[in-house]
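Note that the structure is predicted; figures quoted are calculated from it, not measured. All chains are named by letter (A, B, ...) in the order of the sequence lines, taking the proteins before the strands, and each is independently numbered beginning at 1.
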Number of protein chains: 2
Amino acid sequence: MDLKTLSYFVTVAEELNISHAAKKLNMSQPPLSYQIKSLEQELNTTLFVRGKRSLQMTESGQLLYRRAKEILDLSSKAEEEILSMAQGMKGTISLGLVEGTAPHIAGEWFTGFYRMYPNVRFRIMDGNSDDLVEKLRSGLISMAVITSPCDHMLLNSFPVGNEPMVAFMNSEHPLSATEGNSVSIKQLVGEPLIVPSRRALIEDIYRWFRSIKSEPNIICEMDNYLDAAALAGRGMGISIFPQTSYISNTSLVSKQIDGGTRRLEYLFVWQKGRPLPSLEEHFIDFVRDCTAQHSLI
Amino acid sequence: MDLKTLSYFVTVAEELNISHAAKKLNMSQPPLSYQIKSLEQELNTTLFVRGKRSLQMTESGQLLYRRAKEILDLSSKAEEEILSMAQGMKGTISLGLVEGTAPHIAGEWFTGFYRMYPNVRFRIMDGNSDDLVEKLRSGLISMAVITSPCDHMLLNSFPVGNEPMVAFMNSEHPLSATEGNSVSIKQLVGEPLIVPSRRALIEDIYRWFRSIKSEPNIICEMDNYLDAAALAGRGMGISIFPQTSYISNTSLVSKQIDGGTRRLEYLFVWQKGRPLPSLEEHFIDFVRDCTAQHSLI
DNA sequence: GCTTACCATATAATTTATATATGATTTGGA
DNA sequence: TCCAAATCATATATAAATTATATGGTAAGC
């Protein structure tokens, strides 16, 4: 008993004429006769009484007709459901990632989500947070991971992780010899600082210094992590960047700031009030779940 | 998408391992791989993510799994239903028919019921009504058509038809020359009567005569219609039998009694309080329906 | 009484399903 | 680190099922 045979049966039951049913099914008459007969054999019953020139359904036939319609209905609905779901699960997720977040934060999002939705494709752009917010607004990307703080009223957001800010300095700099793996803000007072060229982050750094009634001596704002590290390595100053942006270089020493309490928060953001394709909605939910599970551990 | 493929899919979904699933399904692994893949192609989606050594269901896969189980469930239930119904519709109906009823009353029951239940077989016995009641009691038959009246408290019954009683007489008998096709009871007073040898019927005849303050002159009780007709044909008397038992014979004339108001009622009877196989129940319902439809016409 | 409509059967061709053999890749353990 | 076991995919061959063509029989309609 398979779906094809059942639909043959249903057609015959509705036409009560094998030849007409065969025409309707785009097949010739003998195979249809054969299929009906073998269905009867399989069910060990008589479905139709063949009277000379007319077919008539038996009691069993009538029961099977009702059931067959239910089954066929259910399965065609299921098929539609799957097809439309497959449709909704195909597409591209365009995501902006602020420099440095890809491997340690977003890495598992892609592999995990890809497992559930293998027909998804990702288009990932990087840039600094201000760039990414601009790209979001212009619709070039539909979601992004940026660094906190985020004061945009037009964005939804939730935190997806954080990491300590570190001070990179030349290995001959006096601070590189301090005990432990940390320096305090107090120790950085007066030091020439190289910082990421991002307004929100720079404001953060100002806050740190203000909390000890001081102010930072920022001599350079830079976009590029590598260049900033290079400058610090050459002794131009101390560069303050997130830990993951570290560069292995013997002339370079990194120290956490205030024992790791000065941290950079990463936020997952997307535009408020603009409906997203369901695939991207799913992705956002997935990322939220991932983050929740992580914070449990 | 057919049921076989769906059950393959369900097995794989439960094992999450094609090789194991194939073993469970008593088939080899490659065709199973092939079937799953072609199912994915048909639905234009990915059902499983093949990771190195493990399978994982996608979102679409999970949806299809739920639906497939519903569909398979429904169809196996339907199959059982049909099979058990086919079982209940196979069997023999043993029926007693009082002489003369077969063609004009019961004929269409058989052809009509056989159309609905082609696996049914009939075993038909005839005899006079008393014999049939005895056969019912002994279980030799499970239902019968007998002539009214029926005073058995142990039988269920409903009427299935009636027919006029007729008087057969030799064509030279004076009554055969009466106007019309009827004689009255009054005219039969004193005539030697040949009647069926059935107590209940004879009592009926006595009632007819009592109603005109007379009594019948019964000279012979006979079992056999043909013999009775033969005796009447030879001028031995007037034989009173149901109309259908007429015999074409030039020396024989038949007249209805009291304009066809003296009638023989046929009853369908079966034993009270003894459960019958569902097939026979259905037959009784069918006969009841036939009768109801006829009385409407 | 001939033609048409219709179902059944027989046989052939095609398509589909399954098995065997094999390759590639990965995991787990010696 | 390398070997063995496990596992999925592919290729090819075989078996099974499905379908079409051709044909016959039977009953209904003109």
Visitor: Whole Å only: how far is the NZ atom of B:K23 from the C1' atom of D:dC8?
Guide: 14 Å
Visitor: Is the closest side-chain heavy-atom distance between A:Q62 and B:M85 below 4.5 Å?
Guide: no
Visitor: Across the strands shown, which category fits A:L32 at heavy-atom distances under 4.0 angstrom: base, sugar-phosphate, nothing?
Guide: nothing
Visitor: Applying side chain to side chain contact (heavy atoms under 4.5 Å, CB included) between B:S142 and each of B:R123, B:K135, B:E280, report the one that passes.
Guide: B:E280
Visitor: If you measure from CG on A:L97 to CD1 on A:I124, what distance do you get to the nearest 0.5 Å?
Guide: 5.5 Å
Visitor: What does the B/S/- profile of nucleotides 9-22 of chain C look like, 5' to 3', with a 4.0 Å heavy-atom cutoff to protein?
Guide: BB------SBBBB-
Visitor: Would you say B:D2 and B:Y8 make side-chain contact, with heavy atoms under 4.5 Å?
Guide: no
Visitor: D:dA6, OP1 or OP2 - any side-chain N/O from B:S19 closer than 4.0 Å?
Guide: no
Visitor: Does B:I284 reach the side chain of B:V287, with side-chain heavy atoms less than 4.5 Å apart?
Guide: no
Visitor: A:S19: which residues meet the side-chain contact (heavy atoms from CB on, under 4.5 Å) condition with it, sequence neighbours left out?
Guide: A:N17, A:Q29
Visitor: Check nucleotides 26-30 of chain D for protein N or O atoms closer than 3.5 Å to its own N or O atoms and list the pairs.
Guide:
unit_1 : atom_1 : unit_2 : atom_2 : d
D:dA28 : O4'    : A:R53  : NH1    : 3.2

Visitor: Go through the steps for A:S60 and A:T45 under the test side-chain hydrogen bond (donor to acceptor under 3.5 Å, both in side chains), then give the verdict.
Guide: CA-CA 7 Å; A:S60 303; A:T45 189; 3.2 Å; yes
Visitor: Between B:H20 and D:dA6, does any side-chain N or O lie under 4.0 Å from OP1 or OP2?
Guide: no
Visitor: D:dA6, OP1 or OP2 - any side-chain N/O from B:N17 closer than 4.0 Å?
Guide: no
Visitor: Check the phosphate of C:dC6 against A:R50, side-chain N and O only, distance under 4.0 Å to OP1 or OP2. Yes or no?
Guide: no
Visitor: Could you check B:Y114 against B:F286 for ring-ring contact (aromatic ring centres under 6.0 Å, His included), going step by step and ending with a plain yes or no?
Guide: CA-CA 11 Å; B:Y114 181 73; B:F286 182 80; over 10 Å; no
